[in-house]
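Chain identifiers are assigned alphabetically (A, B, ...) following the order of the sequence lines, protein sequences preceding nucleic acid strands; residue numbering begins at 1 within each chain.
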Protein chains: 4
Amino acid sequence: MKKIYHKETFDNIPEEKRLRLLQASIKVMGQKGFSNAKIEDIAREMGVSYGSIYTYFATKEDLVHTIITMGIEIQRKAFEPLAEYVDTFSHIQSILERSLKIGREQPELICLWHESSLPYNAQFSDHTSELYRQGVLEWKSVLKKGVSRGDIREDIDIDTIAFIMNAIASQLLRYNMSDFQKSKRAVHFSRNLDDPIPDIMENLKKMLA
Amino acid sequence: MKKIYHKETFDNIPEEKRLRLLQASIKVMGQKGFSNAKIEDIAREMGVSYGSIYTYFATKEDLVHTIITMGIEIQRKAFEPLAEYVDTFSHIQSILERSLKIGREQPELICLWHESSLPYNAQFSDHTSELYRQGVLEWKSVLKKGVSRGDIREDIDIDTIAFIMNAIASQLLRYNMSDFQKSKRAVHFSRNLDDPIPDIMENLKKMLA
Amino acid sequence: MKKIYHKETFDNIPEEKRLRLLQASIKVMGQKGFSNAKIEDIAREMGVSYGSIYTYFATKEDLVHTIITMGIEIQRKAFEPLAEYVDTFSHIQSILERSLKIGREQPELICLWHESSLPYNAQFSDHTSELYRQGVLEWKSVLKKGVSRGDIREDIDIDTIAFIMNAIASQLLRYNMSDFQKSKRAVHFSRNLDDPIPDIMENLKKMLA
Amino acid sequence: MKKIYHKETFDNIPEEKRLRLLQASIKVMGQKGFSNAKIEDIAREMGVSYGSIYTYFATKEDLVHTIITMGIEIQRKAFEPLAEYVDTFSHIQSILERSLKIGREQPELICLWHESSLPYNAQFSDHTSELYRQGVLEWKSVLKKGVSRGDIREDIDIDTIAFIMNAIASQLLRYNMSDFQKSKRAVHFSRNLDDPIPDIMENLKKMLA
DNA sequence: AATGAATGAGATTTCATTCAT
DNA sequence: AATGAATGAAATCTCATTCAT
């Protein structure tokens, strides 16, 4: 069902090497952008000849497709719905922390997603839809459960709050994407620049409880 | 103080034409991206020969700098702090509506900002910092006034709520950026896909009042 | 009706230069073959940068199409039906001499036609069909008139003799195409290697008159 | 005396397989041309890995040399002087039919010869000289015997008629080489497109007897 | 100042050949 | 001997920039 963007040879190489090559691609593409990243740059980061890239992928575009689709696959577990929490707000906090953490550990991946969401990269952004959907549904589920548990007030609209929570999480994902993003923090916060989550949680509790 | 990225000749052409050329550049660059947009594409959209671009700008990079700095200037008024509102929530709603409107009317401008916020475009993103700062300070000001007026509860942290409001406004800015963004709406909302602001306002009032 | 394989820019350059560029292409392509001839080789022979070739033609393949179609156009007059002859055999001799002459003066052109008649070059050979047709019809016309004049015996089939005459003319066209062709002459003739036409004519007269 | 272009290993493989590999090479090279035929294409048609080709031949060029020399060897018997005919014109007809038949059954072989006769393929064409020579001598022999037998008129020059007969046979060899060649038939003949030999023979008899 | 053809550095891609297994 | 992944020289083609008019 899912379209394959790599040649068979890429399946034949050892799992360990395959993941390493993908991570190297993600790193270079994320740091330089799809157009600016040169095949030779990527090959050097991969530690292979650039000819090898063409034994794995027919074109550069196919490589981008692959790192997005397979990159998503690799990272999907990072976004898997978190295990049950007794306390709704602990659960919410975990999700926000997860976003901040992924963005801090894999800034290149965030760059890829950010770039692929531009309209002229529509062919790549399709792959991330499912992951996005999963994230939104998780928010709705957590909020709904919070209401039924009595942790969250009854008079709010879950869809709308999920939209807001998603907006916050998106900001946190990008929180470490670039120096530009980092510089923005000081406009927002005079303290706790590195971790705004405690403050966010404290205020969310007041508003949502 | 501010660095100039265009040649003198660009100042000599009539205001009307100059703005038209900039809008054409913004359109093409926004639709195709900095790297993919070719000088020839831009010249064609501008309605001039591509030799002319080099009589106005020394390099393609200078053109990008210019459309971002001057584009910002052109659009700055769109982001100028709104005139005083008697009601705090009317003011908040106006700001959100402004974001949605700009994103709807000038999707290419949003694309430019989106692209320029990527780390490898740091040289361009500097120009938008001031505009970003202005937006955040506006939120803080509105919220602070709302608290002092008694429209908004006293126990929230203004910095943090400004961060959240900014996250929401950012989402609304991108709400019409690409088909991908548009497709996301349906994951969030089952109704009112085109204008989520009434729902957002209703819920914000409950939480912030 | 006829498909154009060059960009407008190629029409804009002076006639003299355009023909020179085509002749240079024909020379290199004829000498090295379509695949072996490098764009850089051609550019060097043309006396322009290889970038220029791409301002005239979108692809190398388009260049080949162009030299074949326009090369044909240029040479068509060389194959134009010869002016009326009082004597049929003088006419026949002129046609054969014309073939030998063209092949001697433009061996590269003959190479192009030879190469383009290979099955994997079918896309190029289409262009020469009309010229071929013209040549065959000329033979039929000359032979028919020869019969009606009483120069040529009545009991032969014109179509078949035209086929034979065409076969002879084809051999003469290739007579100077390559050293290999030249070396073949000695297998055929012990004397008059350079110009077999007198002998051919003498024998044709005996057989056809 | 004759230069060998293959490695010893190629002699070690069974006759049957060796011929199969050669036929596969001839097929691919004939269909695509020396330059366009990729080692990988040939290997796939051969049914071996493309690494194997390099255990048999040092270079692609050696492979071309080999298929031409050995291909000639394989096909030489097809061109071997035909057994004695009582009737000269029967003999002539057999030779023409042999040409038509070989071209119909082995169009790729004809393509190889056609391509190898181009000047930039001189290194390959040398191999076919002997075969060509053999063909011409056969014509001379048949014609000479025809004259001495009284089947053919005495007043013609045997060398010249052999040249003409060779030209006809060459056309027949290529008669099925490509769709282009096939399309040419209709220009020549309104009937008997597939087999022009009866008509040719009938007219030859009139002219030569 | 305006034009658009000309240039060539640099990118992607191909593919004959090598080499580890 | 056989395999097919790995290599990199060399090809095609792109496009920012220059330059003659």
Side-chain angles (χ1 to χ4, degrees), chain A residues 7-14 17 35-43 46-63, chain B residues 7-10 12-13 35-44 46-63, chain C residues 7-14 17 35-43 46-63, chain D residues 7-10 12-13 35-44 46-63:
Chain A
K7 297 185 184 173
E8 274 190 29
T9 48
F10 194 58
D11 285 327
N12 295 342
I13 58 180
K17 184 177 182 185
S35 296
N36 304 122
K38 305 304 160 205
I39 291 289
E40 203 183 344
D41 299 334
I42 295 168
M46 281 178 166
V48 300
S49 71
Y50 55 86
S52 286
I53 292 183
Y54 286 92
T55 62
Y56 303 141
F57 309 99
T59 62
K60 185 184 175 185
E61 189 174 352
D62 273 2
L63 171 57
Chain B
K7 295 186 183 173
E8 277 190 25
T9 50
F10 193 58
N12 295 341
I13 56 179
S35 296
N36 303 123
K38 298 174 209 166
I39 293 290
E40 199 186 345
D41 297 333
I42 295 168
R44 191 178 304 117
M46 281 178 167
V48 301
S49 72
Y50 54 90
S52 287
I53 292 183
Y54 285 90
T55 64
Y56 303 142
F57 309 99
T59 62
K60 184 184 178 185
E61 190 173 352
D62 273 1
L63 172 57
Chain C
K7 297 187 186 172
E8 274 191 30
T9 48
F10 193 59
D11 284 327
N12 295 342
I13 57 180
K17 184 178 181 185
S35 296
N36 303 123
K38 305 306 160 202
I39 291 289
E40 205 183 341
D41 298 334
I42 296 168
M46 282 178 166
V48 300
S49 70
Y50 56 86
S52 286
I53 293 184
Y54 287 94
T55 63
Y56 303 141
F57 309 98
T59 61
K60 184 184 174 184
E61 188 173 353
D62 272 3
L63 171 58
Chain D
K7 295 186 184 173
E8 278 191 26
T9 49
F10 192 60
N12 295 341
I13 56 179
S35 295
N36 304 123
K38 298 173 210 165
I39 292 291
E40 199 185 345
D41 297 333
I42 296 167
R44 191 178 304 116
M46 281 178 166
V48 301
S49 71
Y50 53 90
S52 286
I53 292 184
Y54 285 90
T55 65
Y56 303 142
F57 309 98
T59 62
K60 184 184 177 184
E61 191 173 350
D62 273 1
L63 172 57

Just the rounded figure in Å: distance from [atom2] of [N] to [atom1] of [X].
X       : N      : atom1 : atom2 : value
A/Ile13 : F/dT7  : CD1   : P     : 11 Å
B/Leu63 : F/dC15 : CG    : P     : 16 Å
B/Met46 : E/dG4  : CE    : C1'   : 16 Å
A/Phe57 : E/dT12 : CZ    : C1'   : 16 Å
D/Asn36 : E/dC15 : CG    : P     : 9 Å
C/Lys7  : F/dT14 : NZ    : C1'   : 10 Å
A/Asn12 : F/dA6  : CG    : P     : 9 Å
A/Glu40 : E/dT13 : CD    : C1'   : 13 Å

Starting the side chain at C-beta, find the nucleotide from [options] nearest to [X].
X       : options               : answer
A/Tyr56 : F/dA2, E/dA6, F/dA5   : F/dA5
A/Lys38 : F/dA5, E/dT12, E/dT3  : E/dT12
C/Tyr54 : E/dA5, F/dA6, F/dT14  : F/dT14
B/Lys60 : F/dC13, F/dA16, F/dT3 : F/dA16

Legend entry - Sugar-phosphate only, base, or nothing, as touched by D/Ser52 at under 4.0 Å among non-hydrogen atoms: base
Legend entry - Distance-only donor-acceptor test (3.5 Å): side chain C/Tyr50, base E/dA9: yes
Inset, instruction - Determine the minimum heavy-atom distance between B/Asp41 and B/Asn36, stating which atoms define it. - result: OD2-O, 4.1 Å
Legend entry - Shortest non-hydrogen separation from D/Ile53 to D/Ile39 and the atoms involved: CD1-O, 3.7 Å
Inset, instruction - May I ask you to evaluate whether A/Lys17 reaches the phosphate of F/dA5, defined as a side-chain N or O under 4.0 Å from OP1 or OP2? - result: no
Inset, instruction - Please determine, by modelled atom types, if B/Ser52 and B/Thr55 share a side-chain donor-acceptor pair under 3.5 angstrom. - result: no
Inset, instruction - State the pairing partner of F/dA2; accept Watson-Crick or G-U wobble contacts with both distances under 3.5 Å, and report none otherwise. - result: E/dT21
Legend entry - Pair partner, E/dT7 [Watson-Crick or wobble, under 3.5 Å]: F/dA16
Legend entry - C/Tyr54 backbone acceptor or donor facing C/Lys7 side chain under 3.5 Å: yes
Legend entry - Expected output: side-chain A/Lys38 to main-chain A/Ser35 donor-acceptor under 3.5 Å: yes
Inset, instruction - For C/Val48 and for A/Thr55, find the nucleotide of DNA chain E with the closest heavy atom, then tell me which residue's nucleotide is more 5'. - result: C/Val48
Inset, instruction - Using the closest heavy atom to pick a nucleotide of DNA chain F for each, name whichever of D/Ile53 or B/Ala37 lands nearer the 5' end. - result: D/Ile53
Inset, instruction - With DNA chain F as reference, determine whether B/Thr59 or C/Ile39 sits nearer its 5' end, using the nearest nucleotide of each. - result: C/Ile39
